[in-house]
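Predicted model only: the values in this text are computed from it and were never measured. Heavy-atom basis, side chains included; hydrogens, waters and symmetry copies ignored. Positions are given from 1 along the sequence.
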Amino acid sequence: METGGKNAPAPASPNSGRVRCFILIMAIIFSVALIVLVIWFTIQPIKPHCSLEEFFIPRLNKASNDSQAVNSTAISLELSFFNRNSEKSIYYDNLDMTLYYYGKSLTSPIGNTSIPKFYQQHRHTKHHAETIQTFGVPWEDVKMKASNGSTAIFRVDLVMNVRYRNGIWKTRRHELRLGVNVTINDQGMKSVNHSLRLLVSRTTQKE
């Protein structure tokens, strides 16, 4: 009787099957999570980039001999809106803009206006200029600070509702609250040459 021969293969361990099953499940979960993440970044809109390009107060321009400018209470400014989305356009409702002056306290506005609603295509920039008549500004205090190291500080606040559109699909309204401080020199202009970005202070979604 032949006693030799090949050994029979060892039975598969139940643990190895569980390990393979676990690895397969984790691979599926990782793949689904990656797909969801890619879709989320594709669908999720990017907030518009809003900057203060110009800010001018004729009354503070010490080089001016214009009597009307010396007595003017107006502030002129220019904003730019850049749609950073590569595919989505933006619908802006009427925008509410409010100006403040940093004196002893920031308790009440010195001027406000409304910018009419507009539509913006993807990757486009929209410029908007505005002249606002102010009230309650302590001009002597402003002049003193502007002529002493450019320490006269104003603030521009912007509140707007936007909707994003990708093809035929349009999102709900998103409320954006933006703001920026601007320092003025003795020529009545902002003390920096570059634009100032308005930063988001709050974002909410509406129906």
ILVMFWY cluster, [X] and [Y] together (side-chain gap under 4.5 Å):
X: Val137; Y: Val156; result: yes
X: Tyr164; Y: Tyr119; result: no
X: Val162; Y: Val159; result: no
X: Val200; Y: Leu158; result: yes
X: Phe118; Y: Leu79; result: yes

Item to check | Non-neighbouring partners of Asp93 that pass salt bridge (Lys or Arg N to Asp or Glu O under 4.0 Å), sequence neighbours left out | outcome: Arg173
Item to check | Asp66 atom CG, neighbour heavy-atom count above 12 within 6.0 Å | outcome: yes
Checklist entry - How about Lys170: does its NZ atom have over 12 heavy atoms from other parts shown lying under 6.0 Å from it? => result yes
With a 4.5 Å heavy-atom cut-off, do [X] and [Y] have their side chains touching?
X: Glu54; Y: Leu77; answer: no
X: Val182; Y: Leu196; answer: yes
X: Glu140; Y: Pro138; answer: no
X: Pro48; Y: Asn85; answer: no
X: His174; Y: Arg163; answer: no
X: Thr73; Y: Phe135; answer: no
X: Gln120; Y: Tyr91; answer: no

Would you confirm whether [X], through its side chain, and [Y], through its main-chain N or O, come within 3.5 Å as a donor-acceptor pair?
X: Asn83; Y: Lys88; result: yes
X: Asn94; Y: Lys117; result: yes
X: His122; Y: Glu87; result: no
X: Ser64; Y: Asn61; result: no
X: Arg84; Y: Lys47; result: yes
X: Arg18; Y: Arg20; result: no

Tell me yes or no: between the side chains of [X] and [Y], is some donor less than 3.5 Å from an acceptor?
X: Thr125; Y: Ser80; answer: no
X: Glu78; Y: His127; answer: yes
X: Ser89; Y: Gln121; answer: no

[atom1]/[X] to [atom2]/[Y] distance, rounded to the nearest 0.5 angstrom?
X: Ser114; Y: Asp96; atom1: OG; atom2: CG; result: 5.0 Å
X: Asp186; Y: Ile57; atom1: CG; atom2: CD1; result: 12.0 Å
X: Thr171; Y: Gln44; atom1: OG1; atom2: CD; result: 9.5 Å
X: Asp157; Y: Arg177; atom1: CG; atom2: CZ; result: 9.0 Å
X: His194; Y: Ser51; atom1: NE2; atom2: OG; result: 10.5 Å
X: Ile110; Y: Ile132; atom1: CD1; atom2: CD1; result: 8.5 Å

Item to check | CA sep, side-chain torsions, deciding dist, call: Phe56, Lys190, side chain to side chain contact (heavy atoms under 4.5 Å, CB included) | outcome: CA-CA 7 Å; Phe56 178 56; Lys190 58 185 176 68; over 6 Å; no
Locate the shortest heavy-atom distance separating [X] from [Y]; write the atom from each residue and the value.
X: Ser72; Y: Trp139; result: O-CZ2, 4.4 Å
X: Tyr102; Y: Arg155; result: OH-CD, 3.7 Å
X: Leu52; Y: Leu198; result: N-CD1, 3.7 Å
X: Ala74; Y: Thr131; result: CB-CG2, 3.8 Å
X: Pro116; Y: His128; result: CD-CE1, 4.4 Å
X: Leu60; Y: Ala146; result: CD1-CB, 4.5 Å

Checklist entry - How about Phe81 and His124: are their ring centroids closer than 6.0 Å? => result no
Next on the checklist: Can you classify the ring geometry of Phe154 versus Tyr101 as parallel (below 30°), tilted (30 to 60°) or perpendicular (above 60°)?
Outcome noted: tilted
Item to check | Pair Lys143 + Asp141, salt bridge at N-O below 4.0 Å | outcome: no
Checklist entry - What's the verdict on side chain to side chain contact (heavy atoms under 4.5 Å, CB included) for Ile153 and Lys145, showing C-alpha distance, side-chain angles and the deciding distance? => result CA-CA 9 Å; Ile153 303 175; Lys145 290 182 177 180; over 6 Å; no
